[in-house]
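Below you'll find the structure, written out as structure tokens, and then a few comments.
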Amino acid sequence: MNKDARKKKIYKAHYLTGCRPDNWMRLLRENNFKISKDKIGQFLYMFGISIILTPFTLLESLIFGIPIRKHKMPKDPIFILGHWRSGTTYLQNLLCKDRQFGWCDPVSTTTFCNSCLLGPIMAAAQKKSLGMARPMDNMKYSLDSPMEDVFALNLISTHSIIHLLAFPQNYEHYLKQSFVDELSDKEKRQWEKATKYVLNKISLRKKGKQLILKSPDHTCHVKKLLEMYPDAKFVNIHRDPYVTIMSTINMFHKQMALIKLNDPPKDLDAILENAIIGLFEHVYMDLFEIEDSGVFKKGSLVNIPYDRLNEDPEGCLREIYDELGLEGFEEALPHFREHIDSVSDYVKNKFDLKPELKDKINGRLGFYFDRYGYERR
């Protein structure tokens with residue numbers, strides 16, 4: 001293999017590029033140090049960057065560690081809930097046009113461990129590694145785009161479903177990491193400590209602005225988030241389950257092709273299909289149970305259908321502000337309208353629903369169809 005061919009196998013925007021060395025070791029131990037031969041170059045590239053950045057990471061922790069841990073958010077965050085591919089990105093992009101809020105930008109995410117001391121340098125590096133659009137849905141982003149805070153967590157913690165994309169041989173383990181309530185007491189404490197550290201650091205970087213956070217896996221641990229942030233507010237966006245699941249399968253395939261470090265099981269298609277339907281079922285059974293239990297305070301949860309957000313984004317945004325008691329809608333409205341106009345020509349992916357997949361969805365997700373009024377095919 002020539003030098004140019006080897007370079008093509010190194011994906012510079014890999015989410016683990018800024019992973020701390022100690023977290024690398026935990027991930028490697030969990031996966032029995034299995035790295036595919038054709039991915040050794042990718043791993044060495046990322047691990048080498050982690051080693052090079054270690055002195056700066058340690059210095060940043062030394063300077064900012066205590067202030068980050070002692071930081072008190074002026075307001076608890078606003079969490080956007082919803083399964084992968086249900087419209088959470090579009091909704092967050094819209095809400096973040098209101099500059100009273102803060103969010104997790106690319107520097108706070110993929111270069112989380114060095115975002116305070118080396119922020120400008122990391123931003124320059126990001127420009128070279130970030131493309132113009134996400135590979136799974138053509139959604140455009142820039143250095144100011146809101147990102148998923150889970151990708152910051154992934155750099156310091158192993159407790160994340162996203163790691164199954166990098167280590168697909170161990171997919172069952174990482175599926176279980178999705179639901180914090182089902183982890184051991186020790187794992188729960190580790191997840192909570194790491195999550196608080198991530199969100200506190202982002203809050204500090206955003207000068208205490210109320211955070212709008214979006215990571216679909218947050219929908220897997222709403223109860224824990226309510227314990228940690230009792231005054232948090234939630235916007236739950238839901239979408240036709242056929243489209244959502246087909247799009248999620250497509251996303252996982254595309255992302256795994258880019259970032260896997262070992263070879264997935266041979267029956268990957270069937271595994272992803274069953275895993276995603278099972279995850280969808282688990283997520284919404286838990287969410288509905290929590291919602292029906294009355295845990296949410298009045299004015300802390302609003303449900304938004306994806307189709308309605310597309311048809312009347314301005315009306316949905318107004319409803320969100322009214323239901324959650326948020327101020328500043330009129331001031332932000334011109335910015336909302338500008339973004340709505342800018343994505344008016346966005347082309348969504350289209351998928352063909354296979355009869356076998358349709359039957360699986362109908363057989364397991366009837367409660368979801370009934371709850372939100374979606375029609376079965």
Test salt bridge (Lys or Arg N to Asp or Glu O under 4.0 Å) applied to K214 and D149, step by step: CA-CA 7 Å; K214 185 273 294 187; D149 50 282; over 6 Å; no

Same apolar cluster (I L V M F W Y, side chains within < 4.5 Å links), L58/I63: no

Any residue meeting salt bridge (charged side-chain N to carboxylate O under 4.0 Å, His left out) with E356, in chain and number order, not counting sequence neighbours: none

Ionic contact status for D370 with R376, cut-off 4.0 Å: yes

Side-chain H-bond candidate by donor/acceptor type, E187 with S184, under 3.5 Å: yes

All salt bridge (charged side-chain N to carboxylate O under 4.0 Å, His left out) counterparts of D312, not counting sequence neighbours: none

I271 side, atom CD1; I276 side, atom CD1 - distance, nearest 0.5 Å: 11.5 Å

With sequence neighbours excluded, residues passing salt bridge (charged side-chain N to carboxylate O under 4.0 Å, His left out) with E192: K196, K224

Contact list for residues 36-46, test salt bridge (charged side-chain N to carboxylate O under 4.0 Å, His left out), sequence neighbours left out: none

Side chain proximity check, L272 to H253, heavy atoms < 4.5 angstrom: yes

CA sep, side-chain torsions, deciding dist, call: N236, E291, side chain to side chain donor-acceptor pair (under 3.5 Å): CA-CA 11 Å; N236 174 43; E291 189 174 354; 5.4 Å; no

Pairs flagged by ring pair (Phe, Tyr, Trp, His ring centres under 6.0 Å) wherever residues 56-76 is involved - sequence neighbours left out: none

CA sep, side-chain torsions, deciding dist, call: E314, R337, salt bridge (Lys or Arg N to Asp or Glu O under 4.0 Å): CA-CA 8 Å; E314 188 176 315; R337 288 173 174 169; 3.0 Å; yes

Flag for T158-E30: side-chain donor and acceptor within less than 3.5 Å: yes

Qualifying side-chain hydrogen bond (donor to acceptor under 3.5 Å, both in side chains) pairs with a residue from residues 49-60, counting only residues at least two apart or across chains: W24-S50, T57-N114, E60-K201

Pairs involving residues 352-377, ordered by first then second residue, that meet ring pair (Phe, Tyr, Trp, His ring centres under 6.0 Å) (sequence neighbours left out): H238-Y372, H238-Y374, Y242-F369, F280-Y368, Y284-Y368, F288-F367, F288-Y372, Y368-Y372, Y368-Y374

Polar side chain donor-acceptor pair, N250 to S247, under 3.5 angstrom: no

Pair N23, R20: side-chain N/O donor-acceptor within cut-off below 3.5 Å: no

Residues forming a ring pair (Phe, Tyr, Trp, His ring centres under 6.0 Å) with H282, sequence neighbours excluded: F179

H14 side chain vs I259 backbone, donor-acceptor pair below 3.5 Å: yes

Pairs where residues 184-215 contributes a residue and the test ring pair (Phe, Tyr, Trp, His ring centres under 6.0 Å) is met, not counting sequence neighbours: W191-H221

Side chain T244, main chain S86, donor-acceptor under 3.5 Å: no

Side-chain donor/acceptor of R205 to backbone N/O of V107, under 3.5 Å: no

K75, NZ atom: more than 12 neighbouring heavy atoms under 6.0 Å: no

Sub-4.5 Å side-chain heavy-atom contact between I121 and T111: no

Co-membership, hydrophobic cluster, residues Y306 and V243, 4.5 Å side-chain: no

Residues which pass side chain to side chain contact (heavy atoms under 4.5 Å, CB included) with K188, listed by chain and number, not counting sequence neighbours: V180, L183, D185

Joint cluster assignment, V235 & I237, ILVMFWY side-chain distance < 4.5 Å: yes

Any side-chain donor near an acceptor of the partner, D217 and S178, under 3.5 Å: no

Where M73 and N200 come nearest, the two heavy atoms and their spacing: CE-OD1, 3.8 Å

For Y15, all residues meeting ring pair (Phe, Tyr, Trp, His ring centres under 6.0 Å), sequence neighbours excluded: F151, H163

Pairs flagged by salt bridge (charged side-chain N to carboxylate O under 4.0 Å, His left out) wherever residues 255-282 is involved - sequence neighbours left out: E273-K360, E281-R364

Salt bridge (Lys or Arg N to Asp or Glu O under 4.0 Å) evaluation trace for R318 with E323: CA-CA 9 Å; R318 188 180 295 275; E323 290 291 327; over 6 Å; no

Transitive ILVMFWY side-chain link Y90 to F101, under 4.5 Å: yes

Single-linkage hydrophobic cluster Y174~F33, side-chain heavy atoms < 4.5 angstrom: yes

